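Following: one structure in structure tokens, then a few remarks.
These numbers come from a predicted model, not from an experiment. Just so it is clear: chains get the letters A, B, ... in the order the sequence lines come, proteins before strands, and each one is counted from 1.
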Amino acid sequence: MNFAFSDDQQLLRNAARAFLDERCTSAVVRALWDDPRGESDALWKEMARLGWLGLALPESAGGSGLGMVETAILLEEMGRAACPGPYLPTVLAGHALARAGSAAQKARWLPAIATGDARASVAFLDADLDWRPEAAQTRAEPAAGGFALTGVKRFVSWGHVADLLLIPARGPDGLGLFAVEPACAAGLSVAPAPAMDLGTRWATLRLDGVPVAADALVGAPGQAGPLLEDLLRRGAVGAAAEMLGAARRCLDMSVGYVKVREQFGQPIGSFQAIRHRCAEMLMEVENAHAATYYAAWALDAGAEDAAVAASVAKAYVGDAARKVCGAAIQVHGGIGFTWEYDLQLYFKRAKALEATYGDGDYHRELIVRHVAP
Amino acid sequence: MDLHPTPEDRAFRLETRRWLEASVPRGELKTPGERRAWHQQLYDAGYIGMGWPREYGGRAASPMRQAIVSDELARINAPPSMNQLGISIVGPTIIVHGTEAQKRRYLKKILTAEELWCQLYSEPNAGSDLASLRTRAEDRGDHFGVNGQKIWTSGGVNADWGLLLARTDAAAPKHKGISCFLLSMRQPGVEVRPLRQLTGSAHFAEVFMTDARAEKADQIGRLGQGWEIAQTTLSYERGGNSLARVTRYAAAFGQLVRAARELRRDGRPLLDDPRVRARIGGIYADLEVQRYAALRVLSALEKGESPGPASSITKLSYSEFEKRYQELALEILGPWGQLTDGLPHDFLEIDTSSGEPGSWAHAFLWSRAGTIYAGSSEIQKNVIADRVLGLPREPRADRSTPSPRSP
């Protein structure tokens with residue numbers, strides 16, 4: 001039994017830290033706030049070159065065949081840098097195709113994802129915020145040569161830059177997952193939904209009879225439920241990793257600050273009110289680390305409790321990151337509340353992630369269904 | 001990263017489970033004789049003092065093997081072994097700091113529970129600020145004469161021996177004037193009075209020492225080294241056993257869910273109430289995180305890393321969790337949770353983590369102790385702030401002042 005990272009995993013983290021420290025500084029993140037796309041193509045291409053985009057894709061598709069633990073390591077580092085971009089949604093869409101896609105879908109998309117030529121996302125949610133896959137209300141009606149999709153999808157992560165959208169819709173056979181190319185989808189409109197974290201971009205998709213071919217279906221007809229549950233679990237663990245990174249950054253900044261900020265003639269870090277708060281922050285961060293990587297490992301290992309562990313990670317780390325990032329602003333005082341100070345980057349990123357891939361209540365309910373059926 | 005147990009550890013767990021299923025006594029052990037027989041059985045099977053070196057009667061077992069045995073004992077809800085303080089704290093202290101003669105004299109009888117031990121540390125005015133202790137030990141030529149009072153002495157009533165911290169140099173700075181001794185509890189100068197806790201039982205004692213005799217041969221380490229020795233001891237106390245603790249929480253969780261099916265609100269089982277479901281899901285997440293964290297600590301121990309001050313994070317986390325857990329349990333169980341006897345089977349607590357089976361009420365009350373003993377939560381946060389985060393020390397008046405005078 002070994003809870004520590006392997007040498008390769010540690011190297012991956014070190015390389016990611018070094019790369020993001022240099023290429024994704026807070027100045028870079030802030031500059032992208034004003035960009036309509038909100039992400040940097042140059043950064044994306046470099047991530048591809050570093051092998052990040054194909055990290056968890058099969059080697060046959062130009063990937064490295066690694067797993068959720070390695071993905072979580074990268075996402076933790078991206079959270080630490082508040083790095084904007086469609087990394088997590090692209091990873092999820094890639095996983096969906098690798099797991100359930102047809103040979104043609106795999107050939108069309110997976111190598112393009114690995115090389116950074118394609119971005120992708122999954123449209124989990126309708127306006128009513130019901131995270132259960134079976135709650136999808138978008139309809140897939142039989143039409144000439146395939147289906148016509150009609151409905152509204154909300155809060156689609158980075159939907160406005162996606163070259164491929166995976167859209168759950170209810171058809172005659174039940175719930176299906178459809179691969180849609182926005183570039184050639186008549187009747188699809190993609191509109192930004194501006195949110196308080198300017199490094200998180202959500203899109204609203206309006207589908208008005210969008211025609212899709214029969215071979216756009218990912219997996220068997222009516223069988224999308226289990227696939228979407230798997231994607232949500234991976235999204236939950238990925239989001240947990242990113243929140244963990246944001247929380248650890250907030251803790252590090254707080255510890256650095258309270259050592260040098262003086263009031264009443266001494267560093268505020270010598271006051272018990274501050275010291276105890278920082279100790280609590282560390283406890284939350286260490287627990288969040290254990291929760292995130294246990295779940296990531298459980299998914300990779302196909303462990304019996306993988307589904308519960310993913311929900312535990314999302315529910316626990318969401319709460320922990322909210323507490324830690326909030327406490328960071330509190331110990332910083334006024335400076336922590338300013339636009340110029342970087343705490344807001346991590347505070348807002350954690351908040352955005354807390355509400356996505358199933359919020360805490362959704363995952364707590366899933367836990368109860370597993371442990372008290 | 002690989003959290004699968006090794007095939008050897010898996011086999012060891014199965015072997016332990018089989019042994020326990022065949023050997024564990026049915027029902028509560030009522031007499032000291034029965035408890036001693038069970039302890040002897042565990043000892044003969046090699047499950048006592050497993051982490052001790054072989055030369056002193058242990059098995060030099062890995063932290064994982066030790067955790068597996070504690071975990072299996074918890075899983076089957078086995079009666080506790082005896083002399084746990086002696087085996088987990090006093091023995092290791094003697095092994096690290098004791099002389100060869102002390103090791104030969106004491107260690108075997110600690111393992112076999114022929115001699116029961118307690119820890120004579122806290123005093124009425126030296127709790128969190130343990131280094132301000134006033135019990136003094138005076139050199140009287142052939143022995144030390146000990147005078148003072150100890151309190152919160154777990155197992156003090158039955159103990160034959162105590163691991164004592166006492167002041168030997170009143171002029172030295174307070175942390176430097178303390179020495180460590182092995183003190184016989186069976187002598188006229190030692191009076192033990194049971195101290196009843198708010199649980200109703202008397203697990204603790206007050207110990208009064210009036211010209212009690214500590215032999216020169218029973219001094220541990222150098223004069224003035226007592227504080228340093230106590231620090232190693234306290235970190236043993238904050239460290240291990242977390243996995244077994246989580247197993248007990250998990251067993252109790254099953255009972256809580258059973259109760260939530262039986263109890264009703266608005267004509268439906270409580271378990272169908274969304275408010276209750278959200279809180280049960282939340283506490284289960286919290287419980288699982290304690291388990292993952294325990295595995296992480298265990299993995300570090302397996303690699304020979306000492307958790308050191310990081311063990312304060314574990315202790316803070318589980319003890320605070322345990323209070324939240326018991327509070328939720330009593331909210332769900334309502335007045336049933338407060339009964340001390342006559343509970344329907346489904347509502348019975350399995351283990352109280354105090355080592356005694358009992359009611360939810362007892363477990364609830366016990367959960368208040370965890371954030372106080374072995375360094376309160378506030379002390380753990382100080383340790384984390386000082387030694388993990390490296391924050392500037394609090395301004396304190398006592399760092400270089402001479403020790404307090406005995407009354």
> B:Lys381 versus A:Arg275: any side-chain heavy-atom pair under 4.5 Å?
Replying inline: no

>> Tell me which of these, B:Val289, B:Leu3, B:Asp286, B:Ile283, has more heavy-atom pairs under 4.5 Å with chain A than the rest.
In response: B:Leu3

>> With a 4.5 angstrom heavy-atom cut-off, is it the side chain or the backbone of B:Asn382 that approaches chain A, or both, or neither?
In response: both

> Do B:Glu378 and A:His276 have side chains that get closer than 4.5 Å, going by heavy atoms?
Replying inline: yes

>> Can you confirm whether A:Tyr294 sits close enough to B:Leu295 that some side-chain heavy atom of one is under 4.5 Å from a side-chain heavy atom of the other?
In response: yes

> Non-hydrogen atoms of chain B under 4.5 Å away: do they reach the side chain of A:Arg277, the backbone, both or neither?
Replying inline: neither

> OG of B:Ser317 to CD of A:Glu286: how many Å apart, nearest 0.5 Å?
Replying inline: 10.5 Å

> What's the spacing between B:Ile313 CD1 and A:Glu280 CD if we round to 0.5 Å?
Replying inline: 12.5 Å

>> If only side-chain N and O atoms count, and only distance matters, is there a donor-acceptor pair under 3.5 Å linking A:Asn2 with B:Glu302?
In response: no

>> Please check if the number of heavy atoms outside A:Asp7 that lie under 6.0 Å from its CG is greater than 12.
In response: no

>> Looking at chain B, which one of A:Ala296, A:Pro373, A:Gly360, A:Ser311 has the largest number of heavy-atom pairs inside 4.5 Å, strictly under?
In response: A:Pro373

>> Please classify the contact of A:Ala309 with chain B as side chain, backbone, both or neither, using a heavy-atom distance under 4.5 Å.
In response: both

>> Once rounded to the nearest 0.5 Å, what's the spacing between atom CE of A:Met283 and atom OG1 of B:Thr314?
In response: 10.5 Å

> Rounded to the nearest 0.5 Å, how far does CE of B:Met1 lie from OG of A:Ser6?
Replying inline: 10.5 Å

> Highest number of heavy-atom pairs under 4.5 Å with chain A: which of B:Ala285, B:Ala385, B:Pro392, B:Gly281?
Replying inline: B:Pro392

> Heavy-atom distance under 4.5 Å to chain A: side chain of B:Leu298, backbone, both or neither?
Replying inline: both

>> Has B:Arg296 got a side-chain atom pairing as donor or acceptor with A:Asn287's backbone, closer than 3.5 angstrom?
In response: no

> So which part of B:Glu320 gets closer than 4.5 Å to some heavy atom of chain A, the side chain, the backbone, both or neither?
Replying inline: neither

> Can A:Asp305 and B:Arg291 be counted as an ion pair, charged N to O under 4.0 angstrom?
Replying inline: yes

>> Do B:Val257 and A:Val371 make a side-chain contact, defined as non-hydrogen atoms from C-beta onward lying under 4.5 Å apart?
In response: no

> Given that the side chain runs from C-beta out, which part of A:Val69 has a heavy atom under 4.5 Å from chain B: side chain, backbone, both or neither?
Replying inline: side chain

> What's the spacing between B:Leu391 CG and A:Lys259 NZ if we round to 0.5 Å?
Replying inline: 6.0 Å

>> Counting C-beta onward and ignoring hydrogens, is there a side-chain heavy-atom pair between B:Glu394 and A:Phe271 closer than 4.5 Å?
In response: no

> Can you name the nearest heavy-atom pair linking B:Ser299 to A:Phe3, along with the distance?
Replying inline: OG-N, 2.8 Å

> Any side-chain heavy-atom pair from A:Gln266 and B:Pro395 closer than 4.5 angstrom?
Replying inline: yes

>> Is B:Leu271 in contact with chain A via its backbone, its side chain, both, or neither, using a 4.5 Å heavy-atom distance?
In response: side chain

> With a 4.5 Å heavy-atom cut-off, do A:Arg364 and B:Arg277 have their side chains touching?
Replying inline: no

> Going from OH on A:Tyr316 to OH on B:Tyr284, what distance comes out if it is rounded to the nearest 0.5 angstrom?
Replying inline: 15.5 Å

